[in-house]
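Only one structure is covered here, and it is reproduced in the block below.
Owing to the predicted nature of the structure, the values given are computational and were not obtained by experimental measurement. Proteins get letters first, then strands, A, B, ... in listed order; numbering begins at 1 in each.
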Amino acid sequence: MSLDSAEFHAAVYDIVRLIPACRVTSYGHIAKLAGMPNHSRHVGQALKFLPPNTNPLIPWHRVIGASGAISSRGPGTDGAQRQRDALVAEGVEVTTGRTGDLRVDLHQFGWFPSAAQIRDQWQPHATDGQGAVGTESE
DNA sequence: CGGGTGACGTAGG
DNA sequence: CCCTACGCCACCC
(Lines give C-alpha, C1' and ligand atoms only; values in the text may rest on other atoms or scores of the structure.)
Protein backbone atom coordinates (compact mmCIF):
# COMPACT_ATOMS: atom_id res chain seq x y z
CA MET A 1 0.00 0.00 0.00
CA SER A 2 1.34 3.39 -0.91
CA LEU A 3 0.35 6.35 1.19
CA ASP A 4 -0.21 9.62 -0.57
CA SER A 5 1.29 12.71 1.00
CA ALA A 6 -2.13 13.97 2.04
CA GLU A 7 -3.03 10.59 3.42
CA PHE A 8 0.27 10.40 5.20
CA HIS A 9 -0.49 13.75 6.83
CA ALA A 10 -3.92 12.50 7.84
CA ALA A 11 -2.42 9.32 9.27
CA VAL A 12 0.13 11.34 11.22
CA TYR A 13 -2.52 13.63 12.64
CA ASP A 14 -4.68 10.66 13.55
CA ILE A 15 -1.86 8.99 15.42
CA VAL A 16 -0.79 12.19 17.16
CA ARG A 17 -4.36 12.61 18.34
CA LEU A 18 -4.09 9.23 20.08
CA ILE A 19 -1.14 10.24 22.21
CA PRO A 20 -2.39 10.33 25.82
CA ALA A 21 -1.74 13.29 28.06
CA CYS A 22 1.46 13.44 30.06
CA ARG A 23 3.11 11.18 27.46
CA VAL A 24 5.43 11.77 24.53
CA THR A 25 6.47 9.82 21.46
CA SER A 26 8.95 10.24 18.65
CA TYR A 27 8.65 11.26 15.00
CA GLY A 28 10.12 7.96 13.90
CA HIS A 29 7.60 5.93 15.85
CA ILE A 30 4.71 7.86 14.36
CA ALA A 31 6.19 7.32 10.93
CA LYS A 32 6.40 3.63 11.70
CA LEU A 33 2.79 3.52 12.86
CA ALA A 34 1.83 5.37 9.69
CA GLY A 35 3.44 2.59 7.69
CA MET A 36 6.51 4.55 6.61
CA PRO A 37 9.36 3.90 9.03
CA ASN A 38 11.87 5.89 6.99
CA HIS A 39 9.76 9.02 6.75
CA SER A 40 10.47 10.36 10.19
CA ARG A 41 11.45 13.71 8.71
CA HIS A 42 8.14 13.98 6.93
CA VAL A 43 6.31 13.55 10.20
CA GLY A 44 7.94 16.75 11.36
CA GLN A 45 7.13 18.20 7.97
CA ALA A 46 3.47 17.34 8.48
CA LEU A 47 3.44 18.89 11.93
CA LYS A 48 5.09 22.00 10.56
CA PHE A 49 2.35 22.14 7.95
CA LEU A 50 -0.17 21.96 10.79
CA PRO A 51 -2.42 25.06 10.83
CA PRO A 52 -2.64 26.98 14.13
CA ASN A 53 -6.37 26.44 14.50
CA THR A 54 -5.91 22.69 14.72
CA ASN A 55 -3.44 23.04 17.56
CA PRO A 56 -5.96 22.28 20.34
CA LEU A 57 -7.19 19.26 18.38
CA ILE A 58 -3.80 17.77 17.71
CA PRO A 59 -1.33 17.51 20.60
CA TRP A 60 1.71 18.18 18.42
CA HIS A 61 3.71 19.09 21.51
CA ARG A 62 3.74 15.42 22.54
CA VAL A 63 5.95 14.56 19.59
CA ILE A 64 9.70 14.84 20.18
CA GLY A 65 12.87 13.26 18.86
CA ALA A 66 13.74 9.61 19.44
CA SER A 67 16.47 10.72 21.84
CA GLY A 68 13.92 12.51 23.99
CA ALA A 69 15.15 15.86 22.78
CA ILE A 70 12.95 18.72 21.57
CA SER A 71 14.22 20.01 18.25
CA SER A 72 15.64 23.53 18.40
CA ARG A 73 13.56 24.50 15.37
CA GLY A 74 15.80 27.50 14.83
CA PRO A 75 17.13 30.11 17.27
CA GLY A 76 14.61 32.79 16.31
CA THR A 77 11.57 30.58 16.81
CA ASP A 78 9.75 29.94 20.07
CA GLY A 79 8.22 26.65 18.98
CA ALA A 80 10.51 24.59 21.17
CA GLN A 81 9.79 26.80 24.17
CA ARG A 82 6.04 26.58 23.59
CA GLN A 83 6.37 22.82 23.30
CA ARG A 84 8.28 22.68 26.57
CA ASP A 85 5.68 24.89 28.24
CA ALA A 86 2.82 22.70 27.01
CA LEU A 87 4.55 19.54 28.20
CA VAL A 88 5.35 20.99 31.61
CA ALA A 89 1.72 22.12 31.91
CA GLU A 90 0.70 18.49 31.45
CA GLY A 91 3.10 17.32 34.11
CA VAL A 92 5.93 16.13 31.89
CA GLU A 93 9.36 16.83 33.29
CA VAL A 94 11.51 18.67 30.77
CA THR A 95 15.17 19.10 31.60
CA THR A 96 17.16 21.95 30.15
CA GLY A 97 20.77 21.30 29.27
CA ARG A 98 23.57 23.78 29.55
CA THR A 99 23.32 24.63 25.86
CA GLY A 100 19.58 25.22 26.21
CA ASP A 101 18.60 21.83 24.81
CA LEU A 102 15.27 20.55 26.05
CA ARG A 103 15.00 16.86 26.84
CA VAL A 104 12.35 14.48 28.21
CA ASP A 105 12.96 11.18 29.98
CA LEU A 106 11.44 8.66 27.59
CA HIS A 107 11.77 5.88 30.15
CA GLN A 108 9.22 7.72 32.27
CA PHE A 109 7.03 9.58 29.77
CA GLY A 110 7.69 7.66 26.57
CA TRP A 111 4.68 6.24 24.71
CA PHE A 112 5.64 3.71 22.03
CA PRO A 113 2.78 1.28 21.37
CA SER A 114 2.70 -1.06 18.43
CA ALA A 115 0.11 -0.81 15.66
CA ALA A 116 -1.79 -3.66 17.31
CA GLN A 117 -1.87 -1.80 20.60
CA ILE A 118 -3.15 1.26 18.77
CA ARG A 119 -5.99 -0.88 17.45
CA ASP A 120 -6.49 -2.05 20.99
CA GLN A 121 -6.97 1.55 22.03
CA TRP A 122 -9.76 1.95 19.51
CA GLN A 123 -11.30 -1.27 20.81
CA PRO A 124 -10.39 -1.59 24.49
CA HIS A 125 -10.45 -5.30 25.19
CA ALA A 126 -7.56 -5.67 27.57
CA THR A 127 -7.95 -3.00 30.22
CA ASP A 128 -4.27 -2.74 30.99
CA GLY A 129 -3.43 0.67 32.28
CA GLN A 130 0.24 0.33 31.52
CA GLY A 131 2.30 3.47 31.52
CA ALA A 132 5.38 3.61 29.32
CA VAL A 133 4.51 1.16 26.59
CA GLY A 134 7.47 -0.50 25.02
CA THR A 135 10.36 0.95 26.96
CA GLU A 136 12.97 -0.40 24.63
CA SER A 137 16.07 0.18 26.71
CA GLU A 138 15.36 -1.40 30.04
C1' DC B 1 18.00 17.65 -13.45
C1' DG B 2 21.66 18.30 -9.76
C1' DG B 3 22.26 20.19 -5.17
C1' DG B 4 20.97 21.86 -0.56
C1' DT B 5 17.73 21.46 3.36
C1' DG B 6 14.96 19.69 7.27
C1' DA B 7 10.11 19.79 13.94
C1' DC B 8 14.70 12.63 12.06
C1' DG B 9 17.18 8.08 13.09
C1' DT B 10 20.93 4.95 13.58
C1' DA B 11 25.76 3.71 13.85
C1' DG B 12 30.41 4.68 15.10
C1' DG B 13 34.17 7.19 17.45
C1' DC C 1 27.27 11.84 27.01
C1' DC C 2 29.26 14.38 23.17
C1' DC C 3 30.00 14.96 18.24
C1' DT C 4 30.37 13.26 13.18
C1' DA C 5 28.86 10.73 9.23
C1' DC C 6 25.45 8.64 6.55
C1' DG C 7 20.76 7.25 5.06
C1' DC C 8 16.35 8.66 4.29
C1' DC C 9 12.72 11.40 1.12
C1' DA C 10 9.68 15.46 -0.14
C1' DC C 11 10.44 20.09 -1.30
C1' DC C 12 12.77 24.30 -3.01
C1' DC C 13 16.24 26.72 -5.75
Side-chain angles (χ1 to χ4, degrees):
Chain A
M1 88 182 183
S2 53
L3 254 57
D4 219 313
S5 59
E7 234 182 295
F8 177 72
H9 281 208
V12 168
Y13 299 152
D14 197 28
I15 295 169
V16 172
R17 255 173 279 206
L18 297 178
I19 304 176
C22 203
R23 289 250 146 42
V24 295
T25 189
S26 65
Y27 301 95
H29 196 80
I30 291 179
K32 194 175 294 185
L33 292 179
M36 292 183 159
N38 299 336
H39 290 61
S40 48
R41 296 188 113 120
H42 300 132
V43 174
Q45 199 73 19
L47 294 183
K48 177 184 64 179
F49 177 76
L50 202 58
N53 47 349
T54 49
N55 275 354
L57 299 179
I58 301 179
W60 59 272
H61 57 274
R62 293 172 192 157
V63 185
I64 63 179
S67 304
I70 300 177
S71 304
S72 349
R73 219 111 96 231
T77 61
D78 61 329
Q81 284 296 324
R82 289 189 316 159
Q83 186 167 3
R84 183 193 69 88
D85 189 64
L87 288 176
V88 171
E90 288 189 350
V92 177
E93 300 177 20
V94 181
T95 62
T96 305
R98 186 172 56 83
T99 57
D101 56 316
L102 307 173
R103 305 192 85 175
V104 177
D105 186 2
L106 294 181
H107 293 282
Q108 191 172 359
F109 302 100
W111 182 77
F112 301 97
S114 61
Q117 287 175 298
I118 290 291
R119 269 171 41 83
D120 215 33
Q121 275 211 354
W122 287 325
Q123 300 185 24
H125 274 270
T127 59
D128 44 353
Q130 79 288 0
V133 181
T135 51
E136 49 242 18
S137 301
E138 187 58 34

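For A/Arg73 and B/dG6, a side-chain-to-base donor-acceptor distance below 3.5 Å is absent, hydrogens and geometry of angles not being considered.
When rounded to the nearest whole Å, the span between CG of A/Leu102 and P of B/dA7 equals 15 Å. As rounded to whole Å, 14 Å separates atom P of B/dA7 from atom NE2 of A/His9. Remark: P of B/dA7 and CG of A/Leu87 are 18 Å apart, rounded to the nearest angstrom. Rounded to whole Å, the distance from CG on A/Asp78 to P on B/dA7 is 14 Å. Spacing between atom CZ of A/Arg41 and atom P of B/dT10 amounts to 13 Å, rounded to whole angstrom units. In this structure, A/Ile30 places its CD1 atom 16 Å from P of B/dA7, rounding to the nearest Å. Distance, A/Ile64 CD1 to B/dG9 P: 9 Å, rounded to whole Å. Put simply, CD1 on A/Ile15 is 16 Å from C1' on B/dA7, counting in whole angstrom units.
For the pair A/His29 (side chain) and A/Pro113 (backbone), a donor-acceptor distance under 3.5 Å is present. Not one N or O on the side chain of A/Gln117 forms a donor-acceptor pair closer than 3.5 Å with the backbone of A/Phe112.
Residue A/Ser67 is out of contact with every strand shown, counting any heavy-atom pair closer than 4.0 Å. Among the heavy atoms of the strands lying under 4.0 Å from A/Gly28 are primed sugar atoms or P, OP1, OP2 only; no base atom is included. Among the atoms of the strands shown, only primed sugar atoms or phosphate atoms (P, OP1, OP2) are found under 4.0 Å from some heavy atom of A/Ser71.
Smallest separation of non-hydrogen atoms from A/Gln108 and A/Arg23: O-NH2, 4.2 Å. Contact record, A/Ser72 with A/Ala80: O-CB, 3.9 Å, taken as the closest heavy-atom pair. Scanning all heavy atoms of the two residues, the minimum distance from A/Ile70 to A/Val94 falls at CD1-CG1, 4.4 Å. The shortest non-hydrogen separation linking A/Tyr27 to A/Ser71 is OH-OG, 4.1 Å.
Two residues are said to be in side-chain contact when any heavy atoms from C-beta on lie closer than 4.5 Å; A/Gln81 and A/Leu102 meet this criterion. Inter-residue side-chain proximity for A/Val43 and A/Val16 is flagged as unmet; no heavy-atom pair is nearer than 4.5 Å. With contacts defined as side-chain heavy-atom distances shorter than 4.5 Å, the pair A/Pro20/A/Arg62 does not qualify. Between A/Phe8 and A/Gln45, every side-chain heavy-atom pair lies at or beyond the 4.5 Å cut-off. A heavy-atom distance below 4.5 Å is not found between the side chains of A/His42 and A/Met36. Residues A/Tyr13 and A/Leu57 fail the side-chain proximity criterion, which asks for heavy atoms closer than 4.5 Å.
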Mind listing the N/O atom pairs, protein and nucleotides 1-4 of chain B, below 3.5 Å?
none

All N/O pairs under 3.5 Å across the protein-nucleotides 10-13 of chain C interface:
{"from": "C/dA10", "atom 1": "O4'", "to": "A/His42", "atom 2": "NE2", "distance (Å)": "2.9"}

Please produce a list of atom pairs where a protein N or O lies less than 3.5 Å from an N or O of nucleotides 2-6 of chain C.
{"from": "C/dC2", "atom 1": "OP2", "to": "A/Arg103", "atom 2": "NH1", "distance (Å)": "3.3"}

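Each of B/dG9, B/dA7, C/dC8 was ranked by its minimum atom distance to the side chain of A/Asn38; first place goes to C/dC8.
Toward the 5′ end of DNA chain B lies the nearest nucleotide of A/Lys48, the other residue of the pair A/Lys32 and A/Lys48 mapping further downstream.
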